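Okay, so here's the structure we're looking at.
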Amino acid sequence: MFIVSVLLFGRACQPLIIWAVVPMAVVGVVVSLLATDMAFGFMSLLGFLSLFGMLIKNAIVLLEEIDLQVEEGKPIHDAILDATASRLRPVALAAVTTILGMAPLLTDAFFADMSVTIMGGLTFATILTLVAVPVLYSLLFKVSYRK
C-alpha cells in the first residue's frame with residue numbers, strides 16, 4: 001500500500017506523512033475498547049483494518065488539496081492552512097456518516113466490538129488527520145511561519 005501511495009503522489013514525502021499518522025489511530029481504538037470493556041477480537045481486527053483505509057482516504061484528500069493549492073502558486077503556509085480549512089467539512093462529514101452508520105451495530109453481539117473499534121478509532125483519527133497531517137507536512141517540508 002505504501003508503494004501505491006508513492007505512485008499516487010509521485011514522490012515519497014506525502015506517503016510518509018500518511019503512514020506516520022496511521023499508527024496513531026491505535027489510540028482511539030484502544031480508548032474506545034477500554035471504555036466499553038470489549039475485547040480486541042477478530043471482528044475488531046476487521047474494523048481496525050477498514051479504519052486504516054478510511055484514515056488513508058482522509059489524509060489523501062487533505063494532502064492532495066495542499067498540493068493543488070501550492071501548484072496554483074499560493075504560499076505553502078497559506079496553502080496548508082486554507083486546504084485544512086476547506087477540507088474540514090468533507091473529512092468530518094465522511095467520518096460522521098460512517099460513525100452514525102455503525103451505531104445500529106452496537107446492539108449486535110457479533111458486530112459490537114467492530115463498530116466500537118471503527119467509531120472510536122475514526123473519531124480520534126479524524127481529529128488526528130486535521131491536526132497531525134498539516135503539522136507533519138509543515139515539518140517535512142520545513143515550512144516557516146515566522147515573518
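A quick note: this is a predicted structure, and the numbers were derived from the prediction, not measured.
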Hey, quick one: are [X] and [Y] part of the same hydrophobic cluster, counting side-chain heavy atoms closer than 4.5 Å, chains of contacts allowed?
{"X": "Leu88", "Y": "Val131", "value": "no"}
{"X": "Leu68", "Y": "Leu62", "value": "no"}
{"X": "Val27", "Y": "Met24", "value": "yes"}
{"X": "Leu55", "Y": "Ile127", "value": "no"}
{"X": "Val22", "Y": "Leu140", "value": "yes"}

Who pairs with Thr129 by side-chain hydrogen bond (donor to acceptor under 3.5 Å, both in side chains), at least two apart in sequence or on another chain? none
Could you tell me which non-hydrogen atom of Val6 sits nearest to which non-hydrogen atom of Ala12, and how far apart they are?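 Smallest heavy-atom distance, with atoms named: CG2-CA, 4.3 Å.
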Closest contact, heavy atoms only, Pro134 versus Ile80: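 Pro134 and Ile80 have their closest heavy atoms at CB-CG2, 3.7 Å.
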Once you round to the nearest 0.5 Å, how far does [atom1] of [X] lie from [atom2] of [Y]?
{"X": "Ser115", "Y": "Asp108", "atom1": "OG", "atom2": "CG", "answer": "8.5 Å"}
{"X": "Ile118", "Y": "Asp113", "atom1": "CD1", "atom2": "CG", "answer": "10.0 Å"}
{"X": "Ser50", "Y": "Leu122", "atom1": "OG", "atom2": "CG", "answer": "9.0 Å"}
{"X": "Met114", "Y": "Leu46", "atom1": "CE", "atom2": "CG", "answer": "7.5 Å"}
{"X": "Leu63", "Y": "Thr84", "atom1": "CG", "atom2": "OG1", "answer": "9.0 Å"}
{"X": "Leu49", "Y": "Ser44", "atom1": "CG", "atom2": "OG", "answer": "11.0 Å"}

List for me each residue that meets side chain to side chain contact (heavy atoms under 4.5 Å, CB included) alongside [X], sequence neighbours excluded, and say none if there are none.
{"X": "Val135", "result": "Leu139"}
{"X": "Leu34", "result": "Val30"}
{"X": "Ala132", "result": "Val21, Leu128"}

Taking only residues at least two apart or on different chains, which pairs with a member in [range] satisfy side chain to side chain donor-acceptor pair (under 3.5 Å)?
{"range": "residues 17-40", "answer": "Ser5-Trp19"}
{"range": "residues 70-81", "answer": "Gln69-Lys74, Lys74-Asp82"}
{"range": "residues 51-64", "answer": "none"}
{"range": "residues 86-96", "answer": "Glu65-Arg87"}

Residue pairs fulfilling ring pair (Phe, Tyr, Trp, His ring centres under 6.0 Å) with at least one residue in residues 96-137, sequence neighbours excluded: Tyr137-Phe141
Can you give me every donor-acceptor pair (side chain of residues 91-101, partner residue at least two apart or in another chain, under 3.5 Å) with its distance?
from: Thr97; atom 1: OG1; to: Leu93; atom 2: O; distance (Å): 3.1
from: Thr97; atom 1: OG1; to: Ala94; atom 2: O; distance (Å): 2.9
from: Thr98; atom 1: OG1; to: Ala94; atom 2: O; distance (Å): 3.0

If the condition is salt bridge (charged side-chain N to carboxylate O under 4.0 Å, His left out), which residues does Arg11 pass it with, not counting sequence neighbours? Asp67
Under 4.5 Å side-chain linkage, directly or through intermediates, the cluster mates of Val4: none
Taking the side chain as everything from C-beta on, heavy atoms only, tell me whether Val26 gets closer than 4.5 Å to Phe48.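 With C-beta onward as the side chain, the pair touches.
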Please say whether more than 12 non-hydrogen atoms of neighbouring residues, nucleotides or ligands are located less than 6.0 Å from CG in Leu7. yes
